[in-house]
Amino acid sequence: MAGGGRPINVLNVAEKPSVAKSVAGILSKNQGLRIREGRSRYNKIYEFNYSIRGQPCHMLMTSVTGHLMELDFDERYRKWHSCDPADLYHAPVRKHVPEDKKDIKKTLEEEARRCQWLVLWLDCDREGENIAFEVIEVCRAVNCHLVLRRARFSALIDREIHQAVQNLVDPNQWFADAVDARQEIDLRIGASFTRFQTMLLKNFHIDSVTDDRNLVLSYGPCQFPTLGFVVERYWEIQAHESEEFWTINCSHKSEEGTATFSWMRGHLFDYTSAVIIYEMCVQEPTATVTKVRQQEKLKYPPYPLSTIELEKRASRYFRMSSEHTMKVAEDLYQAGFISYPRTETDSFSSGTNLHGIVQEQIGHPDWGPYAQRLLDHAAGLWRNPGSGGHDDKAHPPIHPTKFSSGESRWSQDHCKLYELVVRHFLACVSQPAVGAETIVEINIAGEVFSTSGRVILAKNYLDVYRFESWGGLVIPTYVHGQQFIPTTLTLDSGVTRPPPLLSEADLLSCMDKAGIGTDATMHDHIKKLLDRFYAIKDANTRFAPTNIGEALVMGYDDMGYELWKPNLRSMMESDMKEVSVGNKSKADVLANCLQQMKACFLDARLKKVKLLEAMGIFFERSGGEDQQAAGEVVRQCGICQESNMVLKKSRDGNLMVGCLAFPQCRNAVWLPGSVSEAAVTTNTCNSCTPGPVYLIQFKFRQHEIPPGFNVNHLGCIGGCDETLRQLIEICGTGSRIPARGRGPTASSNNGQQSNHRQRACIYCQQMGHSSSDCPSQFSGSRNARANGMNPQSGESSIQCTTCGTPCVLRTANTANNRGRKFYSCSSQECNFFVWEDDAKNGTRRMPQAGVSGSASNPSQRGGRSRGGQSRGHNTGMTFVSATGDPISGRRCYVCGEPSHFANACPNRGS
DNA sequence: GCAAGGTC
């Protein structure tokens, strides 16, 4: 470049007005800086002189506001009925400047005409590069001699900006191409599926949920996976079958206080085994302290604040929606109080003046003293912030940029969000909290229990980050070998609970993990679900699908498509990545992706009946076809208390008793899948309330029920009918809900199962069958050897078939099995158990995960999930009698009655 | 009347 010479005119364009202002301020050092209005209200023009590598320049700096152009179909295809939606996969598209951006375009044209150079200061990401080419297109159209240069910068700090302008590069066409491809795919898929499903389903009466307006059932590659997360969790909850479990709790009270010990086995799903172990503990209740471990624990402050973290934390701490959070954050940013709020970056670059940011806050009445302490070297509170490992190279983490102790025009939410940003920043540059943790383990009759206590030694960052706490529980002092008698030792029962509905923070995490949306758009997709009536947010700010949302996902799921899962977006995203590094061409990716999506679209259209059926479950359709006949009344609905529950056949042909107020009331009792006929009788149940509950005459399909059950059964759905309950447990119901579990729950089950199959049988070391099916296990003498039993000595040398650890021979002490010997695994992590006589007789069966009592094979049970604390925790115990039949009939071990369990026994403790 | 991505 020639040094000196006549000044040239350089047009500089930033992605947004604030960047134009900052860059102009930095380059001009605020000297000789002139500001004038452009055609657009927001996009000012800054003028100053500058020298680029010795070339004097008259700099004109202005901005766009994000994308200057939009992609749309040619006019002829824009009307919904103008073409077959399938045509939208090849209909011509064009980029154009929309009406509300015309004034910006005009400014660019006017200024570009009198410039020699165009320097692009767009954000340094793919979208920024694409906007750069939009600006180029507009400017080149009026001045084809323009020299095009790109400024690369990662932060709005002096050093970066001066370096960028002295080292201008070429714009990156690959980056821009990737975005072009993404836009075109999004448009074609979105428009085709939206038109298709909106027009297909327009005859369903969904007005009750949505006001009276014309409803658009939109489809988008981001909004649908977001909906998918909500529906999937909802189905997981629906598929959950609560299961009773048992656990032993122990407490010890001393002068120093009380310690509560929890059982290392967690909890068992088998009552009998829990009782056997419990009784052994009660008989020899002396506890011996076997381990006392003390250690220092650190709790680290959070990483610097990214957009997603800001949204998640505002939702968690203040219950603010992500959309509202971004609105308030934008306000604070516009007014200069916080840095740019749309950032993926969660680490500060090395040049950042962190002390300066803290310094600004020392005057605040609440957190000022803490800020002061941070700056006091002697206090030792300062720590350089950690890095979360993300850097979008465009913006720093969100941090305060101007001190405020609250502005008069701020709403409460403005105050809260500013406080969060400040306290989060101060926390980031603070030492972690320090605690002393003590873990104590005790042994009672061979069972291990543990407890832990924690004392906080130094709160450090927790002093300023009031949103987080660290529970500190003080326990009495114990020494190794110490013995004591527990104050309480109880056998307690509980039931497993399903996981909760997704919170907004959960949803953001799901999207983040799957790469759905960007930090700037994720809240939009969540809001779209609400706007389209696909989901609702309840009082606890948790998301549940509406009937429309569920029906749409169900329809595509029934087609066998994963259009509602994040995979499609992930694939697109990886293709975009390939385009942006030049490994694939835009044209190839577009052709390939659109061809596949068109085939998918055409196939989905062929299977449109699935969508119609799914909608038909929830909504009535005009025209009267497919109306379900009202069935016979069984009882009044106990949920809505307004309508009757009637016996009906679902669309799939499965029998159920459902509330007539459906879909407003969704109370339903699904009947066993093995029912072939059912009719409501005039007989009523004597025990179920509120009555009357009419009995139903059932007929079961012989081959679908276990031996011992009668094909004809006069049953009650009120809850008293043990036969019905057992058949539901064994055969499952015709409910569509459990079958839905083939989402994450079932696939992980399947995964486990197939892994299992790959393993060699532990008896004969052969592949192809599991140990539970091992043919070698069905003959007595071979069996004993194979098990490692030593028939001569009679001593225990059996190995646990679950984990391989040697078993211990123990004696049962229950009313029903007193004196009977059994083997139990000596590992505390494992719950393997078998009666000694069963092992000898060869009638032993392998424990199967999740099976207890009369339950069927878990692989047949679809989406069964054990939620809450018990998720993923199976005892693996099966009790079988000498005949190989499951031991049934759980009884209270105190009085022997089958009507209740020990925890509810009236004789207990007497 | 349709997407998602910028930003005001």
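Computed from a prediction, not measured in an experiment: that's the story for all the values here. Throughout, protein chains are lettered first and strands after them, A, B, ... in sequence-line order, and every chain is numbered starting at 1.
In this entry the distance linking CG of A/Asp531 with C1' of B/dC2 reads 15 Å, nearest Å. Taking atom NZ of residue A/Lys101 and atom C1' of nucleotide B/dC8, one finds them 9 Å apart after rounding to whole Å. Across the protein-nucleic acid pair, A/Leu590 atom CG and B/dA3 atom P stand 19 Å apart, rounded to whole Å. Atom P of nucleotide B/dC8 and atom CG of A/Leu68 are separated by 14 Å, given to the nearest angstrom. For A/Glu344 and B/dG6, the CD to P distance is 9 Å, given to the nearest whole Å. Counting to the nearest Å, the P atom of B/dA3 and the CD atom of A/Glu70 are 12 Å from each other. Across the protein-nucleic acid pair, A/Leu187 atom CG and B/dG6 atom C1' stand 16 Å apart, rounded to whole Å. Atom P of nucleotide B/dA4 and atom CE of A/Met572 are separated by 9 Å, given to the nearest angstrom.
Among the atoms of the strands shown, none is found under 4.0 Å from any heavy atom of A/Ser192. When heavy atoms are screened at a 4.0 angstrom cut-off, A/Gly128 is found touching no nucleic acid atom at all. Within the nucleic acid shown, A/Asp519 has no heavy atom closer than 4.0 Å to any nucleic acid atom. Note on A/Phe193: nothing from the nucleic acid sits closer than 4.0 angstrom, heavy atoms only. Heavy atoms of A/Leu71 sit under 4.0 angstrom from at least one base atom. A/Pro221 comes within contact range of the sugar-phosphate backbone alone, with a heavy-atom separation under 4.0 Å but no base atom that close. Contact annotation for A/Asn43: no contact, since no heavy-atom pair falls under 4.0 Å across all strands. No engagement by A/Phe196 is indicated, since no non-hydrogen atom pair under 4.0 Å with the nucleic acid exists. Nucleic acid contact for A/Arg182: base, since at least one base atom lies under 4.0 Å from a heavy atom of the residue.
Between A/Trp80 and B/dG1, a base-stacking contact is recorded: ring centres under 5.5 Å apart, planes less than 30° from parallel.
At the phosphate of B/dG1, neither OP1 nor OP2 sits under 4.0 Å from any side-chain N or O atom of A/Thr194. For B/dA3, the OP1/OP2 oxygens have no side-chain nitrogen or oxygen of A/Arg188 closer than 4.0 Å. For the OP1/OP2 pair of B/dC2 and a distance below 4.0 Å, the side-chain nitrogens and oxygens of A/Thr198 include no atom meeting the criterion. Residue A/Gln223 places at least one side-chain N or O under 4.0 Å from the OP1 or OP2 atom of B/dA4. Taking 4.0 angstrom as the limit, A/Lys202 places none of its side-chain polar atoms (N or O) nearer than this to OP1 or OP2 of B/dG1. Between A/Tyr333 and B/dT7, a side-chain N or O to OP1/OP2 separation shorter than 4.0 Å is absent. Proximity of A/Arg569 to the phosphate of B/dA3: no side-chain N or O atom is located under 4.0 Å from OP1 or OP2. The phosphate of B/dA3 (OP1 or OP2) has no side-chain N or O of A/His525 nearer than 4.0 angstrom.
Of the N and O atoms on the side chains of A/Ser503 and A/Asp506, at least one donor lies less than 3.5 Å from an acceptor on the other residue.
With contacts defined as side-chain heavy-atom distances shorter than 4.5 Å, the pair A/Lys565/A/Phe224 does not qualify. The side-chain heavy atoms of A/Glu344 and A/Ser306, taken from C-beta on, include no pair separated by under 4.5 Å. The side-chain heavy atoms of A/Trp121 and A/Val13, taken from C-beta on, include no pair separated by under 4.5 Å.
More than 12 heavy atoms of other residues, nucleotides or ligands shown are found within 6.0 angstrom of CD on A/Glu110.
In this structure, of B/dG5, B/dC2, B/dT7, it is B/dT7 that holds the atom nearest to the side chain of A/Pro17. The side chain of A/Ser218 lies closest to B/dC2 when the candidates are B/dC8, B/dG6, B/dC2. With B/dG6, B/dT7, B/dC2 as the candidates, the nucleotide lying closest to the side chain of A/Lys16 is B/dT7.
Within 3.5 Å, a donor on the side chain of A/Thr65 pairs with an acceptor on the base of B/dC8, or the reverse.
Each of A/Thr521 and A/Phe73 has a nearest nucleotide on DNA chain B; the 5'-most of these lies closest to A/Phe73.
The pair A/Asp524-A/Lys528 does not count as a salt bridge, with every side-chain nitrogen at least 4.0 angstrom from each carboxylate oxygen. For the pair A/Glu504 and A/Lys527, the salt-bridge criterion is not met [side-chain N within less than 4.0 Å of a carboxylate O].
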